[in-house]
Student: 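This is the structure I want to talk about, given as structure tokens.
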Amino acid sequence: MSSGGCSIVWFRRDLRVEDNPALAAGVRSGAVVAVFIWAPEEEGHYYPGRVSRWWLKNSLALLDSSLRSLGTSLINKRSTDTVSSLLDVVKSTGATQLFFNHLYDPLSLVRDHRAKEVLTAQGIRVHSFNADLLYEPWEVNDDHGHPFTAFSAFWERCLSMPYDPESPLLPPMRITSGDVSRCSSDKLVFEDESEKGSNALLARAWSPGWSNADKALTTFLNGPLLEYSKNHRKADSAATSFLSPHLHFGEVSVRKIFHLVRIKQVVWANEANKAGEESVNLFLKSIGLREYSRYMSFNHPYSHERPLLGHLKFFPWVVDEGYFKAWRQGRTGYPLVDAGMRELWATGWLHDRIRVVVSSFFVKVLQLPWRWGMKYFWDTLLDADLESDALGWQYISGTIPDGREVDRIDNPQNSPRSLVGYKIQLMKFHFHPFFFFLQFEGYKFDPNGEYVRRWLPELARLPTEWIHHPWNAPESVLQAAGIELGSNYPCTIVEIDAAKARLEEALSEMWQLEAASRAALENGTDEGLGDSESIPIAFPDDLQMDLDYEPERNNANTVRHYEDQMVPSMASSVFRVEDEEASLDLQNSAADSRAEVPINLVNQELRREVVNPGNMQIGRINGTLPQFNVSTGMRNGEDSTAESSSSSSGRGIVPVWSPSASTYSEQFVGEESGIGTNSSYLQRQQQSHQLMNWRRLSQTG
DNA sequence: GTGAACTTCCT
DNA sequence: GGAAGTTCA
């Protein structure tokens, strides 16, 4: 029912015309104005990295040309305030409706909710849809109606839901363009001069854009998918789908992938093609992990900044800039790790297996704070994806709940013996697979050393026998290969045995701290002890790659720009908000005197962004911070203006932040419940935290 | 009812 | 490989 005015279709990470529910609904409602708003400052320190911006630029160009062939074009807006820009577009086009597809990262959840509120208040009808997932997060629950807390159970349920995911929609036949004569389109700049040279190389390997994504999908389905299971262990194989960057920007619909893969599954099942079936299941699992990452982000919106299991709060991370740099540059002395890091820097891509290798090394051997690693991935990966990367790093760090710890996490009421459970859990994650793997098994990813030789030419002449552990090679062999350890290839930055010992120490320290904190809680003493989570917020100042270690970068002027990607210093960001909210926090802490695990600065940081993304104020209601509400209240169309796609159970739901308390996720590491006390702690600690910057931290490490 | 043994689960 | 859930004597 078109009401005279046109409709805005707001594109974000759904850069496709096929199976795009928001676009389809907009087109159905009449004339359409398609809009993309570029407001990267709103992303805070998750300002997209260079390669990611390159992708976006190209993807948008393709979307625009597709829209043009259908009868309209893409209006681009450069903005520091997405919601204001939306309003501007509404006003200049006389639009009466807004259509968009859901996103699930914490910032989008807040921003989109605000957009909906603001536009609705202006009399605009807002409709939002699921275009990114097989099922919306709130559709998938266990038998008790609670969200799942373990991936496997979650995925099993997804695959056996009583109704199938929506069938993919065809692209619109044509689009009637709304009146954009008074709505200008900005020229968006996604790369500066210094970045163009590096980016030029990307185009040789990648083709962004929805139609290319579709080709990549077809290629994969007709080729590598069959061998996916067999090949996916190899670092080098071409068996990956290479769909992840396409998926990140929504150039291809997960539901389309799912449907097509399932067709293959049926065919191969009929043929009793075991390898094919296994491959399909494995590939679907990777789709499932992507779904789960959104699920986690929705249910635990702090999961990109805070461990979901509390014990890691007490892990004494090694805050060592030198280690961090060596890891980034691929100079750790572990060939497989170094090869991976150099490939990442040179190409923006890393095979999934190698991601696990380098990130495990980061967390378990170097024991650097995982958020640094995650941030570096964010800056360098072509398919950087907040939710997926958060899930991945939390997994590597062993902080993903496995479904049993849920009701004991950070809950003072629980019996001390649950500690044992944590302990073992973490020991398992840390010790078991990795050290073994590093020493003996790593080679199965790259049995012939081809991968290492490609990315570490200095090791190319080393016989395969030694290629993964040159430190064991006889001197004569090294000499013959032209290698001098410590000179043209580094000695191991940390030896395995030393790392193992240090890890044991670190873990026991962690348990002591946790026990002490627990004891303090039981005594009603405040705060407890050390909180290593205050580290990860800081990010070293000089995240500059040394140019001589960048194989693909011959131009000395192509210095990477990190200023815009810098994690704000604590002094400059957290405390500004703190000041504004000082009085409130006092109230909160008085009301919430129940002793809590101490402050989590990370939480403060998210809060800063959430409360104040790009200088827009999101109101606090009743003196509390916006909290994420997954309670059932909003299921019943608390939001009457929103209309979900056509999902039978999904109608009326838009992911929403609201001040209402009592969410399931409270059970995790004080996501909500900790806010009040955290703030008060912060306030009291203000002085000391203000002084804390990277340098100071590095001295303590 | 109770504890031992067995099963199942673990991005 | 440890712990919660289940079965069985």
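Note on naming: letters A, B, ... go to the chains in the order of the sequence lines (proteins, then strands), and numbering restarts at 1 for each one.
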Student: Please name all residues satisfying ring-ring contact (aromatic ring centres under 6.0 Å, His included) with A:F220, sequence neighbours left out, ordered by chain then number.
Tutor: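 Checked A:F220 against ring-ring contact (aromatic ring centres under 6.0 Å, His included); matches are A:Y228, A:F283.
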Student: Figure out the CH2/P separation between A:W155 and B:dC9, and round it to whole Å.
Tutor: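 Taking CH2 of A:W155 and P of B:dC9, I get 18 Å after rounding.
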Student: I need the CZ-P distance between A:F154 and B:dC9, as an integer number of Å.
Tutor: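 Checked: the CZ to P distance equals 18 Å.
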Student: Using atom CG of A:D143 as one end and atom P of C:dG5 as the other, report the distance to the nearest whole Å.
Tutor: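 Those two atoms, CG and P, are 14 Å apart.
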Student: Using the ring-ring contact (aromatic ring centres under 6.0 Å, His included) criterion, which residues pair with A:W349? Sequence neighbours excluded.
Tutor: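 With sequence neighbours excluded, A:W349 shows a ring-ring contact (aromatic ring centres under 6.0 Å, His included) to A:W206, A:F242, given in chain and number order.
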Student: Mind calculating the distance between CG (A:D142) and P (C:dG5) to the nearest angstrom?
Tutor: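 Whole-Å distance recorded here is 13 Å.
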Student: For A:Y292, is the NZ or CZ atom of A:R294 found under 6.0 angstrom from the centre of its six-membered ring and inside 45 degrees of the ring axis?
Tutor: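 Geometry flag: not set, cation outside 6.0 Å or 45°.
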Student: Give the rounded distance in Å between these two atoms: CD of A:Q394 and P of B:dC10.
Tutor: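 About 18 Å, once rounded to whole Å.
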Student: Provide, to the nearest angstrom, the distance between the CZ atom belonging to A:F151 and the P atom belonging to B:dC9.
Tutor: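 About 15 Å, once rounded to whole Å.
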